[in-house]
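In listed order, ligands and their atoms are each counted from 1. All residue numbers refer to positions in the sequence shown, counting from 1.
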Amino acid sequence: MKHWLKPGLILLIAMTTPLLLLGGGDAAAGKPVYDKKCAMCHGAAGEGKEAMAKMLKVEFRHLGCKEVQAKSDPELSKIITEGTGKMKAVTGLSVTDVANVVAYVRTLAKK
Ligand code: HEC
């Protein structure tokens with residue numbers, strides 16, 4: 001291995017490994033995904049759309065409430081990719097999209 005290649009490689013691994021390990025998504029990248037794939041039901045801020053709730057005969061919990069936020073990232077990912085109750089699986093998302101949108105949902109947490 002060329003001597004200049006090694007530090008670069010180590011840096012690259014150091015930068016990407018935590019991301020892969022934590023499944024840590026990028027909330028900023030998750031916002032457009034949320035706006036496109038979730039907001040029509042869950043509302044722009046996670047509050048839930050009244051009209052959609054009536055149509056689906058459900059009551060939305062705010063995505064920022066502590067019950068939802070108490071779910072782990074893998075649990076949230078599973079809800080998105082497999083659906084839950086009356087929510088169908090959301091399709092057309094890459095693994096990265098899912099991680100990013102989960103990170104975005106974290107930003108909706110009520111303080
Ligand atoms: C077609 C409407 C619709 C879309 C689109 C949708 N959801 Fe849902 N979602 C629901 C409904 C309805 C529920 C409640 C399911 C139930 O409890 O029966 C739900 C539940 C959830 C829950 C669990 C909430 C709780 O109270 O436990 C999470 C988290 C969630 N959705 C996230 C998302 C995310 C993130 C997206 C976008 C990637 C998304 N949803 C897209 C309708 C939708």
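- Minimum interatomic distance between Arg61 and Lys71 (heavy atoms only, all atoms of both residues): NH2-NZ, 4.3 Å.
- No side-chain heavy atom of Lys49 sits under 4.5 Å from any side-chain heavy atom of His42.
- Look at Tyr34 and you'll find every heavy atom at least 4.0 Å from all atoms of ligand 1.
- With respect to atom 22 (C) of ligand 1, the closest heavy atom belonging to the protein is Ile79 CG2, 3.8 Å.
- Given atom 5 (C) of ligand 1, the protein heavy atom at minimum distance is Lys37 O, 3.1 Å.
- Closest protein heavy atom to atom 1 (C) of ligand 1: Cys41 SG, 2.7 Å.
- For ligand 1, the atoms sitting less than 4.0 Å from at least one non-hydrogen atom of Val58 are 12 (C), numbered in the order shown with element in parentheses.
- Using 4.0 Å as the threshold, Lys88 has no heavy atom nearer than that to any atom of ligand 1.
- Shown are Val90, Val95, Thr91; of these, the side chain to side chain contact (heavy atoms under 4.5 Å, CB included) with Leu93 is made only by Val90.
- Counting heavy atoms from C-beta on, the side chains of Glu50 and Phe60 never come closer than 4.5 Å.
- Shortest non-hydrogen contact noted between Lys86 and Val58 is CD-CG1, 3.4 Å.
- Protein heavy atom nearest atom 40 (N) of ligand 1, with residue, atom name and distance: His42 NE2, 2.7 Å.
- Which parts of ligand 1 touch Leu63 is read off a 4.0 Å heavy-atom cut-off, strictly below it: atoms 28 (C), 29 (C), 30 (C).
- The only option from Val101, Asn100, Val102 that meets the side chain to side chain contact (heavy atoms under 4.5 Å, CB included) definition with Tyr34 turns out to be Val101.
- Annotation: atom 38 (C) of ligand 1 to nearest protein heavy atom, Cys38 SG, 2.6 Å.
- The residues Arg106 and Asp73 are annotated as salt-bridged, a charged nitrogen and a carboxylate oxygen being separated by less than 4.0 angstrom.
- Interface atoms of ligand 1 facing Phe60, defined by a heavy-atom separation under 4.0 Å, are 10 (C), 11 (C), 12 (C), 42 (C).
- Of the candidates Leu76, Leu93, Ile80, Ile80 brings a heavy atom nearest to atom 35 (C) of ligand 1.
- Shown here for Ala27 and Thr107, the closest heavy-atom pair between the two residues is CB-CG2, 3.7 Å.
- There is no protein heavy atom closer than 4.0 angstrom to atom 14 (C) of ligand 1.
- Among all heavy-atom pairs drawn from Val68 and Leu76, the shortest one is O-CD2, 4.1 Å.
- When non-hydrogen atoms are compared, ligand 1 lies under 4.0 Å from neither the backbone nor the side chain of Met52.
- Nearest residue to atom 42 (C) of ligand 1 from Lys49, Arg61, Met87 is Met87 (criterion: closest heavy atom).
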- Task: Before giving the answer on side chain to side chain contact (heavy atoms under 4.5 Å, CB included), spell out for Glu47 and Leu63 the whole-Å C-alpha distance, their side-chain angles and the decisive distance to 0.1 Å.
- Result: CA-CA 7 Å; Glu47 74 280 7; Leu63 291 184; over 6 Å; no
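- Between Gly92 and Asp97, the shortest heavy-atom distance links the atoms O-OD2, 4.2 Å.
- More than 12 heavy atoms of other shown residues, nucleotides or ligands fall within 6.0 angstrom of atom NZ in Lys37.
- If you check which protein heavy atom lies closest to atom 24 (C) of ligand 1, you get Val68 CG2, 3.7 Å.
- Looking at Lys71 against ligand 1, only its side chain comes within 4.0 Å, counting heavy atoms.
- At a heavy-atom distance under 4.0 Å, no atom of Val33 approaches ligand 1.
- Close approach of ligand 1 to Leu56 (heavy-atom distance below 4.0 Å) involves ligand atoms 12 (C).
- Closest to atom 18 (O) of ligand 1, if we only count protein heavy atoms, is Lys86 N, 2.9 Å.
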